[in-house]
Amino acid sequence: MPIDTTIHVLASRVFFGDTLAFHIFFALLGVGLPLLVSFFEFLGAYFNDKDFMAMARRMGYAMIVLFITGAISGTIVSVQLNLLFPHFMAFANKIIGLPFVLEGFAFTVEAVFLGVYLFSWDRLDKWTHWWCSVPLVIGSTGSAILITMVNSFMNAPQGFSIYGDQPINISPIAAIFNQAFPYEALHSIPAYYLTATFAIAGIMAFMLLKASVRKDPEKNRFYKKILTTTLGVAFVFACFVGILGDLSGKYLERNEPLKLAAAESIYHTQPDAPLRLAGYVGNDDLHDGITIPGGLSYILYDGNLQGVVRGLDNFDPSTWPPLFIHYFLDLMVLIGIFLGAVPLLYFTLYKYKRSLAFSWPMLWLVLLGSFSAFCAVEFGWMVTEIGRQPYIIHGVMTVSQAVTSASQVPIFGAIFPLFYVLLFIITTWLLISHYRKPMDPVAVTHH
Amino acid sequence: MFMPVIGYALVILFACLYAVTSSIEFGAAALLFPKKPFIDRQSMHAYMTPIWEAVNVFLIFTVVAFVMFFPGAIPTVALALYVPLSCALIFYGLRIVGIQGVLYSESDNYLFKLLFMVGSLCGPASLSLAYYYLLTGMDPFVPTLTELALVGTVISAIYAISSSFFLYFIPKNSQQLRLSHLAVAAELIFAASSLVFLALIAQYLASVFGVLLLTIVIAAIGLAYMAAIHHSKYVWGLVLSALNAVLLIAGIAIMHAPYILYHVLDIYSTFTSVEIFTDVLIALPFGLLAIVPAIYLLFKMYAVRT
């Protein structure tokens, strides 16, 4: 019986999408937590502060458990990329293979220094130990940057020509440093930091909601201190992510206008383009949405309402991505604004009415921010990946050209999500079981 | 052209490094599993963490090196090996769930040990089926004596290396005698099954003389290994068991060249672009400059800790 190509392509997309969604959840913590741990330890060492030092030490267990989960999901991603989209990998590896190799090095440095860092707490003086966290941060962030290089190449391919079906005149450096790379990297990496920071803030808020913690002056003081610190860091990252998000939008208008048109529901090329929010995405227009006249041109062209925004009518409809990415973009931006507003509100209350800063509504807002930050990262990746469809390499290769013809894809596509659920449950159980135990106080050594 | 040969050599090197270092942890799963385990959980935790996370990077390097140096092989190999490689991924994942429970939880739950063991044995077995296909071009799902010999070789090598490791690093293990018996039995099975395997795949290899030489060397090292274990020279046991595995992998790979998939794909027709190869060769020393001191620091800390 011949394979139904449509179902086949869809199964591969869904399967890989599941895998990526699961991996991103843990990978972003693997990128963000080392930075936070290093930051806390720096504060602890610099100010001789036992609270920050204790926090850094306590986060070590989470780092290693999440690293393990992120490593296996990352291995699955890299192998499945070859199994599900072999024609893409056969083509692209001749051009953009270098970041994969470099990512292996970055991952190795991260893995090695994770071990060095965690098992040398009582063997090295405070500053030498802190310096061990630096390669850990470089390795984890470097891994993310290098994989973003590959993804940005898929969105903005360059550094080669095509002869027949093979790439020629290859320049790996030009392929790596493509036009999309700086925007993707500078927008996504701080977003991972922001999410990890909000995750910690959310845990602190959760603890402060517990009656047993509120009754204990020492615990109360500790959690409030860490909450305040993490929300301060989160606000900085939120601002950075917002600024880079704006620049990313402007980049999209210049270089990936179809993706922008789909995400912003701009059906007709026009100056004075409206900013369109929510609504119901139809094939011909966005219905019942909120429209801000001229808003999109104003944002993309720095106040110039005459700036022309290319609409979907400018492109062949067979190349349109799924238009529902509009919802993901709206949600991502809304959450991003929320993640900036929560720390702002917190610090305003902290300055003028401190008791309200630790009231249960404020703590619940922090918890909501913690959860929604993960959603924002997932939504952002959906915009960029689904927004590139039907291409796997924009303008060069479609997903249906890249995909495997193995008939067992739907079967394994059903099995792997079950495994991801199991891994998620076990990882969560390990973390909860461990952190239920009380913290050990840590003496700051003087060297 | 020497470039594909260099790429092939690097893939073999990473595969050998992975096979030896990962065998310690794969074998530990089976050593821990019985009601009367060969090693206790605390000892396993002390001697495996933190290095086990680092050695898994060799698997990534093997996969990355293969797909990057020989991208032309991906479509054919990925299609033919979709099932065994996907199964290997699932088993590896189950192994990770087991490791998390065994190494990082307070509970001594039997289910985690079971997952750890099943994943640690079935994962390599799945990869063995994939390797069988690459060596012979035959359907990996039609059971043959060659396949059985290969799986037996792989599993016994894992047991031999892992047993040797824990014999050396846990000298006061209460199960020392049992463990040494297991190590000797594993090496005997390894020698026997690898010799059967070599005899059956000789037709797919370039040199009959090479097969004979490899057979003699493996048998000799196997005998030396048993003598070393008998005389409690456990460090030699570890070195010899690892050496036997490396010689088998490297020897077969050299004699199988230039084929990646027997009679269908070779290293020349599937090779990557010159530009990528050149850039990777330039990047390699810089990467090693970062990795080698880091690994040295980790093992130094590991030695102090243990």
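Chain identifiers are assigned alphabetically (A, B, ...) following the order of the sequence lines, protein sequences preceding nucleic acid strands; residue numbering begins at 1 within each chain.
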Check your understanding: From A:Leu431 CG over to B:Gln100 CD, what is the distance, rounded to the nearest 0.5 angstrom?
Key -> 8.5 Å
Review point. Is atom OH of A:Tyr435 surrounded by more than 12 heavy atoms (other residues, nucleotides or ligands) closer than 6.0 Å?
Key: yes
Exercise for review: Determine the option with the most heavy-atom pairs under 4.5 angstrom with chain A, choosing from B:Ala88, B:Gly287, B:Ala290.
Suggested key: B:Gly287
Check your understanding: For A:Ile96, is it the side chain, the backbone, both or neither that has a heavy atom under 4.5 Å from a heavy atom of chain B?
Key -> backbone
Exercise for review: Below 4.5 Å from any heavy atom of chain B, which atoms of A:Thr69 appear? Answer side chain, backbone, both or neither.
Suggested key: both
Revision key, fill the gap. Closest heavy-atom pair, A:Ala90 versus B:Pro71, reported as atoms and distance to 0.1 Å, is CB-O, 3.3 Å
Exercise for review: Would you sort out whether A:Val101 and B:Asp279 count as a side-chain contact (heavy atoms from CB on, under 4.5 Å), showing the intermediate values?
Suggested key: CA-CA 10 Å; A:Val101 173; B:Asp279 284 355; over 6 Å; no
Review point. Which atoms form the tightest heavy-atom contact between A:Gly97 and B:Ile276, and what is the distance?
Key: N-CD1, 3.6 Å
**Study point:** Straight-line distance of B:Ser105 OG to A:Trp429 CH2, nearest 0.5 Å
**Key:** 4.0 Å
**Study point:** Engaged part of B:Phe61 at the chain A interface, taking heavy atoms whose separation is under 4.5 Å
**Key:** side chain
Review point. Which atoms of A:Thr404 come close to chain B, meaning under 4.5 Å heavy atom to heavy atom: side chain ones, backbone ones, both, or neither?
Key: side chain
Exercise for review: Quick one: closest heavy-atom pair of B:Ala294 and A:Val112, and the distance?
Suggested key: O-CG1, 3.1 Å
Review point. Which distance, rounded to the nearest 0.5 Å, do you find between the CD1 of A:Ile64 and the CG of B:Leu103?
Key: 9.0 Å
Check your understanding: So which of B:Val67, B:Val77, B:Leu85, B:Val63 has the largest heavy-atom pair count under 4.5 angstrom toward chain A?
Key -> B:Val67
Review point. Which atoms of A:Leu430 come close to chain B, meaning under 4.5 Å heavy atom to heavy atom: side chain ones, backbone ones, both, or neither?
Key: side chain
Check your understanding: What part of A:Tyr420 lies closer than 4.5 angstrom to a heavy atom of chain B: side chain, backbone, both or neither?
Key -> neither
Point to revise | Spatial distance of atom CD1 (A:Ile411) from atom OH (B:Tyr82) [nearest 0.5 Å] | key: 9.0 Å
Check your understanding: For the candidates B:Phe277, B:Phe286, B:Phe112, which exhibits the highest count of non-hydrogen atom pairs separated by less than 4.5 Å from chain A?
Key -> B:Phe112
Practice item. Just give me the residue among B:Thr76, B:Leu59, B:Val83 that pairs up with chain A most often, heavy atom to heavy atom, under 4.5 Å. Key: B:Val83
Point to revise | Taking every non-hydrogen atom, the tightest pair across B:Thr272 and A:Lys94 | key: OG1-CA, 3.5 Å
Practice item. Give a yes or no on whether B:Phe141 atom CZ has more than 12 heavy-atom contacts from other residues, nucleotides or ligands under 6.0 Å away. Key: yes
Exercise for review: For the pair B:Leu89 and A:Phe419, evaluate side-chain contact (heavy atoms from CB on, under 4.5 Å) and give the outcome as yes or no after the intermediate values.
Suggested key: CA-CA 10 Å; B:Leu89 283 177; A:Phe419 165 69; over 6 Å; no
Review point. When only pairs under 4.5 Å are counted, which of A:Leu98, A:Thr75, A:Val65 shares the most heavy-atom pairs with chain B?
Key: A:Leu98
Exercise for review: Return the option, out of B:Val274, B:Thr278, B:Val97, B:Leu81, with the maximum number of heavy-atom pairs under 4.5 Å with chain A.
Suggested key: B:Val97
Point to revise | CD1-CG distance between B:Ile96 and A:Leu423, expressed to the nearest 0.5 angstrom | key: 8.5 Å
Point to revise | Interface moiety of A:Phe160 toward chain B, non-hydrogen atoms closer than 4.5 Å | key: neither
Review point. Side chain, backbone, both or neither: which part of B:Phe70 has an atom under 4.5 Å from a heavy atom of chain A?
Key: neither
Practice item. Indicate yes or no for a side-chain donor-acceptor contact from A:Tyr61 to the backbone of B:Tyr104 under 3.5 Å, with no hydrogens or angles considered. Key: yes
Check your understanding: Nearest 0.5 Å, what's the CZ-CG distance between A:Phe105 and B:Leu284?
Key -> 4.5 Å
Check your understanding: Checking B:Leu94 against chain A: side chain, backbone, both or neither under 4.5 Å from a heavy atom?
Key -> both
**Study point:** Interchain contact, B:Ile60 with chain A, by part (heavy-atom threshold 4.5 Å)
**Key:** side chain
Study note, to complete from the structure: Of A:Thr427, A:Ile426, A:Ile170, A:Leu422, the largest count of non-hydrogen pairs under 4.5 angstrom with chain B goes to A:Ile170
Practice item. Name the member of A:Phe416, A:Phe113, A:Phe88 that forms the most heavy-atom pairs with chain B at distances under 4.5 Å. Key: A:Phe416
Exercise for review: Please look at A:Leu102 and chain B and tell me whether the side chain, the backbone, both or neither of the residue comes under 4.5 angstrom of a heavy atom of that chain.
Suggested key: side chain
Check your understanding: Which atoms of B:Val64 come close to chain A, meaning under 4.5 Å heavy atom to heavy atom: side chain ones, backbone ones, both, or neither?
Key -> side chain
Check your understanding: Where does A:Phe91 contact chain B at under 4.5 Å (heavy atoms): side chain, backbone, both or neither?
Key -> neither
Review point. Where do A:Ile95 and B:Ser273 land on the side-chain contact (heavy atoms from CB on, under 4.5 Å) test, with the steps shown first?
Key: CA-CA 8 Å; A:Ile95 309 165; B:Ser273 62; over 6 Å; no
**Study point:** A:Phe100 vs B:Met68, side-chain contact (heavy atoms from CB on, under 4.5 Å): CA-CA, chis, key distance, verdict
**Key:** CA-CA 8 Å; A:Phe100 284 119; B:Met68 204 201 44; 5.5 Å; no
